[in-house]
Structures are given as structure tokens and as C-alpha cells.
Q: 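Sending over a structure as C-alpha cells; questions will come in a sec.
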Amino acid sequence: MPTFYLTTPIYYVNDRPHIGHCYTTLLADVVARFRRLDGDDVLMLTGTDEHAEKVIDRAKEAGVSVQEWADRNAQAFRDAFAFMELSQDDFVRTSEDRHKSRASMYIQKLVDSGDIYLGDYVGWYDPGQEEYVTESVAKAHDYKSPVSGKPLEKRTEQNYFFRLSAFEDRLNKHIETHPRFVQPEARKNEVLGRLRQGLQDVPVSRAVKDDGSEEWGIRMPNDPGHRVYVWIEALCNYLTVVDTPERRQYWPASLHLLAKDILWFHAVVWPAMLMALDEPLPGCVYAHAYFVAEGRKMSKSMGNFIEIDQLRAYGERYSVDAVRWYLATQGPLGATDADFAHANFVDIYNAELANGLGNCASRVVNMIHKYFDGNVPDARDATVHGGVDWPHLTAGHVQASRNLFDQVDLHGAAHQGLAIVTAVDGYINNTEPFRLAKKITGPDDPQCADLALILYNCAEALRIASVLLLPFMPQKAAAVLDMLGAKTPGNGELEAHANWRGEFGLKTGEPVVKGAGLFMRADTEEAAPTA
RNA sequence: GGCGAGGUAGCUCAGCUGGUCUAGAGCGCUGGAUUCAUAACCCGGAGGUCGAGGGUUCGAGUCCCUCCCUCGCCA
């Protein structure tokens with residue numbers, strides 16, 4: 001069984017879960033669900049990054065221990081992901097020993113190999129903030145603190161550095177010989193452009209004073225006066241989690257999903273570290289863009305972050321699967337930002353879910369009830385009818401789904417399932433089963449067989465469409481399968497279940513259930529739901 | 001300032017190496033048909049001087065130049 005290991009970034013534990021965290025993790029979830037269905041041995045990883053110094057500060061403000069604070073906030077991410085029906089196989093926290101011990105080991109290895117060395121760091125220090133600011137920021141503020149306005153101090157301190165510069169050629173070569181390594185294309189160009197300007201070694205630690213405060217973070221091996229920078233330690237999570245005898249087979253990761261702001265770390269620093277550790281590199285680093293809210297950039301100062309509670313409100317009104325569908329199909333998977341706009345949400349919801357899938361399921365099930373007492377009609381042996389070659393048509397969309405998932409094109413893949421639904425709608429209009437039903441004089445009327453064939457084809461096509469839609473809307477697609485009396489496929493069963501009238505095809509005589517409306521039409525005038 | 005991406009219907013976008021593009025899709029809008037269905041589905045229509053100007057060519061949304069605008073990355 002091929003393995004497929006995919007990751008999201010680990011999220012800063014002080015943050016409140018918002019649409020951005022949910023989006024990246026949802027992408028991973030949809031891909032993971034599809035891969036499992038298609039037979040891969042999948043490991044999907046997400047988690048929290050907990051060792052920043054601000055975590056200590058905030059815990060103090062809240063009057064709780066750092067661990068308690070981190071526990072509480074990590075749980076908020078778990079809850080958010082549970083609400084979104086996200087199916088991570090593991091949730092790593094950098095404060096866990098399994099992470100800390102191995103991350104220390106990697107650092108030690110890099111020290112031993114000389115890829116991490118002790119050097120002098122010269123920079124502009126802001127005493128008020130107790131942090132360094134970059135040269136460009138310092139210059140922009142006339143060498144005064146951007147916060148307090150007091151003069152910055154030029155300081156030199158000893159730091160450990162990672163010899164990033166040594167990997168420039170290998171990185172360039174790798175990116176050029178592996179066209180899918182950095183995606184999408186525009187992001188790859190950015191990385192290559194920046195590589196052309198040359199690489200500098202990067203500091204990976206900072207001196208800490210032992211003031212008796214709580215033990216937090218990872219110290220430099222053999223030099224506990226230095227704490228490993230949180231970002232470099234955080235990157236290690238992708239490896240620490242699978243660096244066990246049981247999980248080694250998953251490495252290297254097939255796909256790292258992340259947002260564009262941390263592309264550099266993932267496409268350059270992390271691969272260079274892996275080279276230094278003599279580890280194989282991940283297959284693809286995919287950096288998506290951002291969601292904006294109602295056309296405006298989300299920011300702390302604007303206070304317009306779409307937080308998990310607002311997504312919950314959407315979920316309550318329109319269903320969680322509708323939220324998943326909107327994010328997955330309308331999200332900023334490419335290089336440009338996407339808008340989470342209420343009017344747009346309602347448009348997509350009505351057009352694709354209510355008028356599309358929901359209405360189609362409703363009309364098919366209803367006719368089977370009306371004309372065949374709610375039992376799957378007998379299709380005899382015909383498969384091509386009304387100008388549609390159903391086995392061929394559905395198989396084409398199944399294959400297209402696979403190809404699109406390979407390219408992480410979720411929008412395209414989602415529409416493969418929907419395309420079958422559209423085909424069913426067109427087929428019904430062309431063959432007019434409802435009109436046929438009126439012409440039928442009795443059970444011996446040969447037109448009865450035509451009617452049966454038409455409705456069987458509709459139901460079977462809808463079944464396969466649902467299988468393809470399962471990764472996007474696990475609840476609703478399963479609900480359609482339930483209505484049709486079909487089984488929901490398990491891991492590795494895509495092929496068998498997507499097979500027209502195969503082992504899992506609809507069986508003549510089996511009951512079809514009229515369920516509640518799947519996605520009821522939304523009122524376009526209604527205001528957006530609020531948390 | 002350096003590098004990069006892009007400006008195509010009301011909206012979101014396809015249009016690869018120039019010629020079925022007399023310019024497309026989906027949504028929205030509009031007319032019709034229909035009634036199995038969630039005022040839905042199906043068919044048709046309107047709507048664009050393809051950012052502006054110049055050039056190459058028998059022929060340019062597609063190549064070249066200049067300019068304008070937007071966005072991203074870096075400094």
C-alpha cells in the first residue's frame with residue numbers, strides 16, 4: 001500500500017482558531033479523505049506550536065502555568081477541527097516529549113556535522129521590547145524603536161547559526177529538477193528569485209537568562225544558555241512525529257500544506273535542514289494564499305478575522321458540509337487571495353448544493369417512490385440510454401478526480417462529482433420519465449421497462465457522484481448514499497464503489513428512502529449569520 | 001528600488017507553443033419550455049473595442065516595445 005503523509009503547519013497556540021487555520025487543515029483533510037478512499041496508507045498531521053516566549057507571558061497574564069495555558073488553547077484548535085469534521089491522524093504539540101527529544105537530537109546532529117555553529121550576531125536591539133528588529137525595519141524607523149521611539153542599540157551577541165548558505169546550489173537544483181516541489185507556480189518563482197540573491201546563514205538560537213522562570217522550549221544541546229529559536233524547532237515536527245520504527249515508512253512527507261507567509265521556511269530552510277540531516281525531501285510544498293473577509297484584508301487592527309464561532313454559525317444555518325464545500329471550492333488555493341463574502345457564499349450554496357445536488361437527489365428519489373413504490377427499479381442490462389453512456393461518463397469523472405487530486409486541484413476535483421449530478425439533471429429533462437409514467441397503461445406496457453431503466457440510471461449515477469463528493473462533504477454525501485440504500489465506502493474502496501453496477505451498485509428491489517431535504521434553498525436576502 | 005504575477009462579460013475566472021476566438025465557462029440577469037423536484041431543472045438571449053498606444057505578421061487576447069493600473073515576494 002503506498003503511503004501518503006501530509007501535514008499542515010503547527011499553529012501558534014496563542015492564536016484563536018480562525019478561518020485560516022481551518023482552511024489549511026480542511027485542505028489537508030479533503031486530500032487525506034480522498035487518498036484513504038483510493039487506497040493509500042495516509043497519515044495526516046496537524047498540531048500546535050507552543051514554545052514561543054509570548055506563550056509564557058500570556059500564561060502569566062492569565063495566572064496559570066504555561067502548560068495549563070497551552071493545554072487550554074491547544075484544545076480550542078482540537079475543538080475547532082472536530083467541528084469542521086477534520087480527520088487528522090495525529091495532533092502534535094511541540095511541548096510533548098516525543099517532539100522535544102527528537103528535535104534536540106536533530107539539532108545535536110547538526111552541531112556535530114558543523115552545519116550549526118557558534119557565531120556572532122550583530123543587530124539592532126530594542127531594549128523596551130527585548131527583541132531585535134531587522135536592519136530594514138531599523139532603518140525605516142530611523143534606528144529608533146518602532147514601539148517606544150527610543151533609540152535602538154547596536155548589539156552583538158553569540159548565537160548558533162545554521163549554515164544555510166552551503167545548500168544554495170543543491171536547493172536550486174532540486175527545485176528546478178522537481179517542478180512540483182514548490183507550488184503553485186507563482187510561489188516557486190518567488191523562491192527561485194530570492195535564491196538568486198544568495199543565501200545567508202540564519203541564527204537558530206538565542207541566549208536566555210536563567211531567571212528561575214518556568215522551563216519552556218528547547219535548549220541548545222551542551223549549551224543550555226541558549227534556547228533554540230521556536231521556528232526552527234517547530235519545523236522539526238514534521239519529522240519528529242514519524243521518526244519511530246512504526247512510522248518511519250511515512251517519511252518523506254508527500255505534501256506540506258501551508259499559507260504563503262511561511263513559504264520560505266518550508267521551501268528553503270526546512271529542505272536545507274533535511275539535506276544537512278541526510279534525509280530525503282518532501283514531495284511538494286504547497287503554499288496557498290489568504291482568505292479576505294468581505295473584500296477586506298483580515299487583520300488584528302481591523303478586528304475582522306472570521307473566527308471559528310462565525311464558521312460555527314454558518315455551519316448551524318447551512319450545515320458544516322456547506323461550509324466545507326465553500327471553503328474547499330472557493331478558497332485561495334492558487335496564488336491570489338479569495339474572498340469570504342456572505343452573498344457569494346449564498347450564491348454558491350444555492351447554485352451548487354441546493355439547486356444542484358440537493359434538488360437532484362430529491363427529484364430522483366421522489367420519482368422512484370411515485371412510480372416504483374420506493375424500490376430500486378429493474379434496469380435489465382442496458383447501460384447506454386438517452387444518448388448517455390453512463391459507465392463511461394462516470395468512470396471518466398472518477399479518473400479526472402484522481403488526476404486533479406494529484407495536482408491538489410480541489411476545486412476541479414469537487415466539480416467532478418457535481419458534473420455527474422448535472423448530467424443526471426439533463427438526462428431527466430431529455431428522457432422525461434415523468435411524462436413516460438403518464439403514458440404507461442399497465443405493468444405489461446413495454447414503456448415500463450424504459451421508465452425503470454431511466455430511474456435506475458439516475459440513482460446509480462447519483463450514487464457514484466456521492467462517492468466522489470464524500471471527501472468534501474462526508475455527512476451529506478453519506479446521507480445521499482443512505483437515501484439510495486447504498487453503502488458508504490471505506491478505506492481503499494473507491495474503485496469498487498465507483499464501478500457502475502459493480503459489487504456495490506444499486507440492487508433492484510432494494511428500498512430507497514425519502515430523506516429530509518439535503519440542502520434547503522437559502523434566502524439571499526437574509527443577513528449573514530453571526531457568532 | 002530589485003524580482004515576479006496579473007489586467008478578458010455585472011461577479012469569479014478559462015483561453016498552452018499566434019489561424020474553428022465571427023471571443024468562452026460558471027454564477028447573476030432576462031425570455032421560453034416543462035412539471036418529477038428544494039419558485040428548482042432544461043433550452044435560448046442580452047452583455048466584452050480581451051488595460052492604453054504603437055509594432056512584427058497574410059493573420060494577435062495570444063509575440064515585441066512603451067505607458068497606465070493592481071497584486072505578491074524581497075530590500
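Below, read A as the first sequence line, B as the second, and so on, with proteins coming before strands; counting in each chain starts at 1. The structure presented is a predicted model; accordingly, all values stated were derived computationally and were not measured.
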Q: Which atom pairs link the protein and nucleotides 27-34 of chain B when you take only N or O atoms and keep those under 3.5 Å?
A:
unit_1 : atom_1 : unit_2   : atom_2 : d
B/U34  : O3'    : A/Arg435 : NH2    : 3.4

Q: Going by number, which of residues 316-326 of chain A have a non-hydrogen atom under 4.0 Å from RNA chain B?
A: none
Q: Is A/Arg402 paired with A/Asp406 through a side-chain N to carboxylate O contact shorter than 4.0 Å?
A: no
Q: Going by purine N1 to pyrimidine N3 plus the second Watson-Crick contact, or the G-U wobble pair, all under 3.5 Å, which nucleotide sits opposite B/G6?
A: B/C69
Q: Check every atom of B/C36, B/C73, B/U38 against the side chain of A/Asn359 and return the nucleotide holding the closest atom.
A: B/U38
Q: May I ask you to say what A/Phe519 touches in the nucleic acid, namely base, sugar-phosphate or nothing, with a heavy-atom cut-off under 4.0 Å?
A: base
Q: Can you tell me how far C1' in B/U30 sits from the matching atom in B/C36, rounded to whole Å?
A: 26 Å
Q: May I ask you to say what A/Lys514 touches in the nucleic acid, namely base, sugar-phosphate or nothing, with a heavy-atom cut-off under 4.0 Å?
A: nothing
Q: With heavy atoms under 4.0 Å as the rule, sort A/Lys297 into base, sugar-phosphate or nothing.
A: sugar-phosphate
Q: Specify the residues of residues 454-480 of chain A, ordered by number, for which at least one heavy atom lies under 4.0 angstrom from an atom of RNA chain B.
A: none
Q: Please work out if A/Ala186 contacts a base, only the sugar-phosphate, or nothing of the nucleic acid, heavy-atom cut-off 4.0 Å.
A: nothing
Q: Between A/Asp523 and A/Arg317, does any side-chain N to carboxylate O distance fall below 4.0 Å?
A: no
Q: For the side chain of A/Thr336, counting heavy atoms from C-beta on, which of B/G72, B/C42, B/C13 is nearest?
A: B/C13
